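Below: one structure, written as structure tokens.
Chain naming here is simple, since letters A, B, ... match the order of the sequence lines and numbering starts at 1 in each. Not measured: the values here are computed from a predicted model.
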Amino acid sequence: MNQTLKHLLIVFGVLGVMMSIAAGLIWVERRLLGFWQDRYGPNRVGPMGVLQPLADVIKILAKEDWVPPFADKPVFILAPAIIVITVLLSFAVVPFTPGIAIANLNIGVLYFLAMSSLGVYSVALAGWSSGNKYSLIGALRASAQMISYEVFMGLSLMGVVMLAGSFNLHEIVEAQRGLWFIVPQFLGFVVFLIAGVAETHRLPFDLPEAESELVAGFHSEYSGMKFGLFFVGEYLGITLISALITTFFFGGWLGPLLPPVVWFFIKTFLFVGFFILLRAALPRPRYDQLIRIGWKLMLPLALLNIVVTGGIILAAR
Amino acid sequence: MNEGNGSVIDELKGEFGAEAVIPQETKDGVPTVWVKNSTAHEVLRFLKNKSPRRFRMLYDLTAIDERVRRQREGQPPSDFTVVYHLLSYDSNEDVRVKTALKEGESIRSITGIWPSANWYEREVWDMFGVRFDGHPHLRRILMPPTWKGYPLRKDHPARATEMGPFRLPEEKSMEEQEAMKFHPEDWGLKPGGEDTDYMFLNLGPHHPGTHGLLRIILALDGEEIVDSVVDIGFHHRGAEKMGERQTWHKFIPYTDRIDYLAGVLNNLPYVMAVEKLAGIEVPDKVKVIRVMLSELFRIESHLVWYGTFAQDLGALSPVFYTFYDRERMFEIIEAICGGRMHPSWFRIGGVAQDLPRGWDGLVRGFLDWMPSRLAEYDSIIMKNSLFKARTKGVGAYTLSEAIEWGVTGPNLRACDFEWDWRKKRPYGGYEWFDFEIPTASVGDCYGRAVVRVEEIRQSMAIVEQCLKNMPAGNYKSRSPLAVPPLKERTMLDIETLIDHFLGVSWGPVIPAGEAAVGVEGAKGNNSYYLVSDGSTMSYRTRIRTPSFPHMQTLPLLAKGLNIPDLIAILGSIDFILADVDR
């Protein structure tokens, strides 16, 4: 009974913490962008504007729940839910500390890859069901981008898996006690990071929404809480990818002095900050350039990483 | 420029016979000839292809409704005059060819000689109802397709109060709705290729990439642009018509709003054209002040372009940096002019006021501040490899294409062509300044960016020279036609009092004549062609803007590329929609 209660507590705890982080990141991103862009950002609601997300949530919930008459209604409503659900499900395998993880799956890595593949349905279906040409183009771009970047996202992690000898995220972290995988797997880290940015459609890989070209792309027609879900999904995605980079390459919760969970969040938030910095700093490549980088550069690099890592492991035996 | 032997008029007389070519005196000294409707086409073809002067650019094409004009001695009778203004880069000369038309008479289209004539002829058709035979797509361009009448005809009302109340009954509303329906064939677009149907995408009128109200109809195959049509006119405010109902002085604020990012740089060609008509010589100090303000506004305009261009390519931050710099410049502008974006500060015969105390410190502060910022932008924008990947080799035209299509300004200089009106035909005091003409080697998006960035530096050099060498003297000419006149003698003698009274109450009466003055604007060559009938108002105000021909090149540049490239091209040609539509 006590065990069940603990599990339930962890499940709801993770859910609650993640949702609040996603909301809080709205404020963090806007303040950081403001800082980097020589302006203030939201600073009026609450101390330093921290209550801005609350105001946003109230506003967004109070908006009319509107579905365009030309949209495919059931799909249109379902699409934003998919992205939030799949990202939240991915958090199930993230080991926050040795004791706090929802599921200690043996195939954690594969599970995460499977969930992130499902995420593309959200964007593709949203764009398609909106009945808007811009959304459709956004959805097409998203699908092509996902297909290209999924491939080497998985491959880039294989080096880590080989070194740790396990698909289990918990064991992968444990395997980094001596040396974080960022050192032997630097190439894998770079490829995974780039794939992760593409996965979350963040600048410079935000082609499916591409404000200046497609006017928000796949979610042009969305408003109110349905739009809010895409927003939350995006921030959850950033948090997830940052958490996984921490887990795979930066020793997860490992670190001296501070409690494990603090280490985990420090590392994660550094990468969240990096994601935001990318958005402040870079222009956006063209669609064909993005796909070309994916297949012609990233895929060979990921494969090379596997071959070299495998060769070294074999030689070391 | 030069009359007498060996002039282009003699050349035309030699080719077509002395009686076929009737020269006309103008105040601006541009050789102007009248030719018959039947020979106009041949004359223009000769000037472009056979004349040793090679007038390769159709600089402007417009018309004048002559039906109520009184003072036109020596000119052939005409109801509507079509005016062709050609430019030769080889010999640095202009020629103006006029053709008299009776009401209802049509003229042969010259789209076969200059592709850029397409939009100009459509505009003349739209505004004057002059029909061009053989034009591929003669339909309204600025006015809506349902518009009745031709706005620039003298019998068309200029004020809403002259038109009766506006009503929109059910059937008219339906008619308007019907006119808005999209049929690709109406725009000369094919509905599909051999085995595909194209997707037609309306980019605009409201779209963040179009920087205003502009509609581009794209025929897409996937994301590839098979064909595109530009639909303009959403920003049409009838500036030319207003020129005919405001006094010479009161039209100045309207000019600010043509290229609304370039403020007083728009006043300059207008007031210089009026001064040419009135024969006013302005003091040196006025010239230097005008140059300084013009260059400050050029920098401002380029800074807006810089930031928004980066934003079009997905970089979110630079626009905040450049707008911050622009804000600093507005502090100077505000201190000097009192206004910010549209100070309307130049006056006929001078400027509105003397420079305020402390202006030099402000300008100095800006000149010290800016170079490090520009260096920073170079590293975050121009040297960024993603930026280069998006702009190099995208949307290029060759030099001959650019000239053929009437491209001017930085876009022309990007095609490795060193041509700047400030250098080649120095006006308003630019001959005193030392600066370079930046060029780029390839006329693509990146080349256009390189030219503009360097122009910011050159303009700063000019502003610095103004700062160091500001002459003493009056801020306005003593001419009786200068508005408002200098006041110190007004209460002392009756002549000056009368001049003052007339100039302020009616506005000045500018002697009859015609003059065009073009300047190197922020976007390209901006010119005002003014016809005075000896009254307090202009008889015809023609505004030749650079963005109009630039916008016309868009389908040419975008063909075969895809949507992100189109956005890059739009950003790189740096247009202002008020400058396109006027």
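At most 12 heavy atoms of other shown residues, nucleotides or ligands fall within 6.0 angstrom of atom OH in A:Tyr121. Counting heavy atoms of neighbouring residues, nucleotides and ligands inside a 6.0 Å radius, atom OH of B:Tyr324 does not exceed 12 of them. B:Phe320 CZ: more than 12 foreign heavy atoms inside a 6.0 Å radius.
Proximity of A:Arg284 to B:Leu313: side-chain heavy atoms (C-beta onward) are nowhere separated by under 4.5 Å. Side-chain contact between A:Ile137 and B:Met199 is present, with at least one heavy-atom pair separated by less than 4.5 Å. Counting only heavy atoms from C-beta outward, the side chains of A:Tyr134 and B:Leu203 approach each other to under 4.5 Å.
Heavy atoms closer than 4.5 Å to chain B are found in the side chain of A:Arg39, but not in its backbone. If you measure heavy-atom distances from B:Asn202 to chain A, the contacts under 4.5 Å come from the backbone alone.
Judged purely by atom type and a 3.5 angstrom limit, B:Ser317 uses its side chain to pair as donor or acceptor with the backbone of A:Ala280. In this structure a side-chain-to-backbone donor-acceptor pair under 3.5 Å is present from A:Gln289 to B:Ala389.
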### Task
Starting from the C-alpha separation in whole Å, work towards a yes-or-no answer on side-chain contact (heavy atoms from CB on, under 4.5 Å) for A:Asp38 and B:Tyr321.
CA-CA 7 Å; A:Asp38 287 354; B:Tyr321 307 149; 3.7 Å; yes
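Listed by first and then second residue, the side-chain hydrogen bond (donor to acceptor under 3.5 Å, both in side chains) pairs involving residues 227-245 of chain A are A:Glu29-A:Tyr235, A:Arg202-A:Glu234 (not counting sequence neighbours).
Chain A forms more heavy-atom pairs under 4.5 Å with one residue of B:Leu570, B:Asn384, B:Ile563 than with any other, namely B:Asn384.
Here the straight-line distance linking atom CG of A:Leu282 with atom CD1 of B:Ile380 works out to 10.5 Å at 0.5 Å rounding.
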